[in-house]
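Worksheet: the structure to be examined is printed underneath.
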Amino acid sequence: MTTVTDAPNVAGAIESVESHLHPTPSWDLADHPVPTGREEIWRFSPVKKLKQLLDADAEGGSLDWESDVPEGVVVTSIGVEEAQALAAEAPVDRVSAIAAKNAVQRTHIDIPADAVYDEPIVFTGRGSGGIARDHYVVTVGANAKATLIFRWEGTASYAEKSDFVVGDGAELNLVTVQDWDEGSIHGGQRSVVVGRDAHVKTVTASLGGDVVRLQENMSYGGPGGELESYGVYFVDGPQHVQHRLFVDHNEPHTKSDVDYRGALQGKGAHAVWIGDVLIRKVAESIATFESNKNLLLTEGCQADSVPNLEIETGEIEDAGHASSTGRFDEEQLFYLRSRGISEKEARRLVVHGFFWEIIRRIDVEDIEQKLLARVEEELELLEQTQAEA
Amino acid sequence: MSTLVINDLHANVLTSDGPKEILKGVTLTINPGEIHALMGPNGSGKSTLAYAIAGHPKYEITSGTVTLDGVDLQELTVDERAKAGLYLAMQYPVEVPGVSVSNFLRTAKTALDGEAPKVRTWVKDVQAALENLQLDKSFSGRSVNEGFSGGEKKRHEIAQLQLLNPKAAILDETDSGLDIDALKIVADGVNEYASAGDKAIVLITHYTRILRYIEPTYVHVFVDGKIAESGGRELADKLEAQGYEQYITAAANA
């Protein structure tokens, strides 16, 4: 993509950077033709399995939403135009464009300025089969402080467009949990704008569903913004889980720290992680680090991990990335076993440690517990497989 | 009583180019209460001996035997060797991210004893061991070896030695990379462990420096995969003065 549209686009307002990695956002569905699977942004995706999400004409509804919203937080139903005006950016792929255009409802969640919420604000969407589409726009007022949790459960073919516009000096802990039942597919785009001197932490946990493909775009609304972005995923064959991170350092003195970790097991398990960090000319003195680690617990699984850095300025404080994919580390297992710890227990420690480094940052007790329990389930599944082998 | 007997041990390291013979017939008996210093130049196979005895998967014993109190270690898995009473203080202790030192130590102790240690005494024991090695008590909450300095890693190895209290210990270049203060702390830790009087200890080292603080029962010169000469502390003094040159030349001409 080499053209810039007139769409509201933080990136385009400064300069256009030609790149095959981050297509130009557009609300117009015509700008997002049905992919063949050969396009750069689709080439790792099982496009056939996502068919329902790519079909703009298919009948669709929403999920059954439940929420736990404290006083002061305002949840309203809004129209298409208002949603577009409030959004962080336009869709960058067809799934999110369809979600934005054809959702049966659009929801605005406003967390007022200066409000501090100790208890998490929770939204739980439950699918009961069929196609569902949502467009959520979350606005966080200046200097507000909150934890916002989105959970997805049940069965659905779900297309998501969501936007999180975080005001100056605000602190947002955004936890999203894809906890779908078998038979579900979930695609879409989440866009976060980190305000001036704001601090945003996102934790994305992909636990279930046949296919999960999320585009997570981060940019800054002013200098001094800090982003921590964490991800945890468990992929049991033949699931496909794909996280596509784009951090757009479009403001100076901004920070980003990205760390996604997953465990794969079973034939056909496929994880994809595409990390792209763009450091624009204006973005002097920024610091960024992105990392992806995959633990292949059994034979027959595949992890594609592609970190990218596009650097347009020489004035950087720090920029780096790392990616690792592998089986258990022999040296770690040997070290633990040389102290008398059995092989099974040593593996357990290593896998727990691997995920604990992410899970401990969630700061929401019941979700931390849920994920730790899930780590246990993965280990039990692994032991079963090994016992059968 | 703990006797470690190494008899005509041959071992290979498994490389991507195939197995390569490193140990070429090592014979050594370490009786209870003895400290054997195993000294040799780089690449002589000292660490291979340590790893092969502990059961590292990259090394294979091709012939010969190693027994601890009559138990054939080759018949045992890595963790079973530890349960049989063997301990290896590693030259390069491995980082295990996300696993706290306290969780690691408790898991190891539980595995070795077959039951969980009593909470109250155990916490005290851990604190005492860390304190002995002059490691701040905050170490128990840190990930195993992660972000530790070289010296802290070595002291952590010796803190484990005290806590797990094995029958036999192989200390693989525990002295390397330590400044003089850390060296003394580590030596004190080893001496305290040895003071039980019935431990079999192999002290692998490149330098004689640590022998100023740990009194060896025997000193062995290890060159080209086997023991070239054995003696008492005077052998270490000779090495201090003359180096390994004559042994290396002799091995090359053999």
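Here is the naming used below: chain letters follow the sequence lines, and residue numbers restart at 1 for every chain.
Closest approach of B:V99 and A:L349 over heavy atoms only: CG2-O, 3.2 Å. The nearest pair of heavy atoms linking A:G340 to B:A82 is N-CB, 3.3 Å. Across every non-hydrogen atom of B:T107 and A:E345, the tightest pair is CG2-CG, 3.7 Å. Between B:P57 and A:F334, the shortest heavy-atom contact is CD-CD1, 4.0 Å.
Contact annotation for A:E330: only side-chain heavy atoms (C-beta onward) come within less than 4.5 Å of a heavy atom of chain B. When heavy atoms are compared at a cutoff of 4.5 Å, B:P93 approaches chain A by way of both its backbone and its side chain.
Among the candidates B:K83, B:K58, B:E157, B:R81, the residue making the largest number of heavy-atom pairs closer than 4.5 Å to chain A is B:E157. Of all the listed residues (A:E331, A:R360, A:E343), the one sharing the greatest number of non-hydrogen pairs under 4.5 Å with chain B is A:E331.
Within the 4.5 Å cutoff, the side chain of B:M90 has heavy atoms near those of the A:S338 side chain.
Around the NZ atom of A:K255, the shell of radius 6.0 Å holds no more than 12 heavy atoms that belong to other residues, nucleotides or ligands. Counting non-hydrogen atoms of other residues, nucleotides and ligands closer than 6.0 Å to CD of B:E131 gives a total of 12 or fewer. Atom CZ of A:F44 sits in a crowded spot, with more than 12 heavy atoms from other residues, nucleotides or ligands closer than 6.0 Å. Counting non-hydrogen atoms of other residues, nucleotides and ligands closer than 6.0 Å to CZ of B:R120 gives a total of 12 or fewer.
Residues A:Y335 and B:Y92 keep their aromatic ring centres 6.0 Å or farther apart.
To the nearest 0.5 Å, the span separating CG on A:L333 from NE2 on B:H56 amounts to 10.0 Å.
Salt bridge annotation for B:E80-A:R337: absent, with no cationic side-chain nitrogen under 4.0 angstrom from a carboxylate oxygen.
A distance-only check finds a donor-acceptor pair linking the side chain of A:R339 to the backbone of B:L88 [under 3.5 Å]. Put simply, the side chain of A:Q332 gets close to the backbone of B:E95: a donor and an acceptor are under 3.5 Å apart.
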